[in-house]
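Just below is one structure, and these are the notes that go with it.
Keep in mind that what you see is a predicted model, and the values were worked out from it rather than measured. Residue numbers run from 1 in the order of the sequence given.
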Amino acid sequence: MSAENRELLRVEHLRQYFASGRAVTKAVDDVSLTLNKGEILGLVGESGCGKTTTARSIIKLYQPTGGKVWFDGELISSGAWEQQEAVRQAKKKLKQAAPEQKQAARTALAQARSECRRAEAESRELRRKYPSVTQIQMIFQDPMASLNPRMTIKEIIAEGLRIRGMKDEKQIDRMVMDVLGKVGLLPEHANRYPHEFSGGQRQRIGVARAIIMEPKMIIADEPVSALDVSIQAQVINLLGQLREETGISILFIAHDLSVVKYFSDRIGVMYFGHLVELATSDELFARPLHGYTRALLSAIPMPDPHYEKRRRRIVYQQPEYSPAEQERLMLREIFPGHFVRCTEAEAEAFRGQA
């Protein structure tokens, strides 16, 4: 299978900004990643670093501010931030231009405005064409908050099928019972309500609601963070079994690095809205390069008192970059398949560590 045929999701320069008055919060800032068919990509980082916002932008719960998202070869969403920024810069240059440069600056501004209108029209058309993407489903972090307490489990699981236009109640019933069995629940659970279940069972209901749509990709947003250890293992094993049986791709968001290492093929590390490191699971743990990744790994506790006595936490201090260096920061390939967000000088230093 060629690289293009293997690729299911491609995210390029994704930006998700939120404005509050004149203040702008850059929740996700220039994130690029890919997810292959049948692959599990782990996404880790501290609370507030932009993991969930990235996932919600991919699944179109948020309209991206900038960048593009391709799914299964189709462009499904785009933003116009880059073009809007080009218009702002062209206006600034026109205001500062000398008299003999005014005409050239006006031409540049007109061209930037034309590109911006084209990008905004493309974004509107994609919103109309793909109001949602049913082939991507999401398992939310808090199962109780994402399940309607006034609906039975059968109604919750079957809701997506009905929205998609399925009318045959007997077929819906068969599909609901089948998917309940897949996630380890019983047929009699179908007529109960969410409050009658434990946390682990509610998370299984969330998994059932996602997989009944037969998606090509699932976004699992910290599906085990509110569960005890034994139930965590059950949910992780369930997702792994689904991947083996159906070849589904999973974007797995979590805090627990040990779980992510066990479950993921590749791992991306996010920090303050940026993807700062991306590598295979074994490579990332064996050879962490970015300072924030090393700090995260140093915080993992181990069930070994002798190791714990020797363990030293690394405190990450973000380097002070000049404005010119800030512009040159990007995700660079240091070793095959191992990417780090850094300057070219830092990249050469990382390669010298091999």
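Closest approach of Tyr193 and Ile153 over heavy atoms only: C-CD1, 4.2 Å. Here the shortest heavy-atom pairing between Leu275 and Ser32 reads CD2-O, 3.4 Å. When all heavy atoms are compared, the tightest approach of Val269 to Leu296 is CG1-CD1, 3.8 Å. Residue Glu82 comes nearest to Gly66 through the heavy atom pair OE1-CA, 3.9 Å, listed as atom of the first residue, atom of the second, then distance. Scanning both residues, Lys60 and Val133, for their nearest heavy atoms gives CD-CG2, 3.5 Å.
Considering only heavy atoms from C-beta on, Arg311 comes within 4.5 Å of Pro301 through its side chain. Between Met213 and Gln135 there is no side-chain heavy-atom pair separated by less than 4.5 Å. Looking at heavy atoms from C-beta onward, Arg162 lies in side-chain contact with Glu169 at the 4.5 angstrom threshold. Within the 4.5 Å cutoff, the side chain of Glu344 has no heavy atoms near those of the Arg328 side chain. Using a 4.5 Å heavy-atom cutoff, the side chains of Leu41 and Leu278 are in contact. Residues Pro215 and Ile248 have side chains in contact (heavy-atom distance under 4.5 Å, counting atoms from C-beta outward). Within the 4.5 Å cutoff, side-chain heavy atoms of Arg56 are placed close to those of Met138. In this structure the side chain of Leu185 never reaches within 4.5 angstrom of the side chain of Arg192, judged on heavy atoms.
Here the side chain of Glu346 pairs a donor or acceptor atom with the backbone of Thr343 at under 3.5 angstrom. Here the side chain of Arg202 pairs a donor or acceptor atom with the backbone of Phe197 at under 3.5 angstrom. Proximity of a side-chain donor or acceptor of Arg332 to a complementary backbone N or O of Cys342 within less than 3.5 Å is detected. Listed for the Asp265 side chain is a donor-acceptor partner under 3.5 Å among the backbone atoms of Ile40. A donor-acceptor pair under 3.5 Å is formed between the side chain of Ser249 and the backbone N or O of Asn36. Judged purely by atom type and a 3.5 angstrom limit, Lys216 has no side-chain atom pairing as donor or acceptor with the backbone of Leu8.
In this structure, a donor-acceptor pair under 3.5 Å is absent between the side chains of Thr53 and Gln16. Remark: the Tyr292 side chain and the Glu46 side chain contain an N/O donor-acceptor pair separated by less than 3.5 Å. In the model, Ser123 has a side-chain atom that pairs as donor or acceptor with a side-chain atom of Arg127 under 3.5 Å. Looking at Gln89 and Glu85, their side chains do bring a donor and an acceptor atom within 3.5 Å of each other. A donor and an acceptor atom, one from each side chain of Gln83 and Glu120, are nowhere located under 3.5 Å apart.
Hydrophobic cluster membership differs between Ile59 and Ile163, with clusters built from Ile, Leu, Val, Met, Phe, Trp and Tyr side chains linked at under 4.5 angstrom. Neither Phe18 nor Trp81 shares a network with the other; the hydrophobic side chains, linked directly or stepwise wherever heavy atoms of I, L, V, M, F, W or Y lie under 4.5 Å apart, form separate groups for each. Side-chain heavy atoms closer than 4.5 Å link hydrophobic residues (I, L, V, M, F, W, Y) into clusters, and following such links, possibly through other members, connects Leu297 to Phe263.
A salt bridge is absent between Lys51 and Asp221: the closest approach of a Lys/Arg side-chain nitrogen to an acidic carboxylate oxygen does not fall below 4.0 angstrom.
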(Q) Go through it in stages, so that I can follow the logic: the residues are His290 and Tyr271, the test is ring pair (Phe, Tyr, Trp, His ring centres under 6.0 Å), and I'd like the CA-CA distance, side-chain angles, deciding distance and then a yes or no. (A) CA-CA 11 Å; His290 196 277; Tyr271 177 72; 7.1 Å; no
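Remark: Asp304 CG to Arg310 CZ distance equals 7.0 Å, nearest 0.5 Å.
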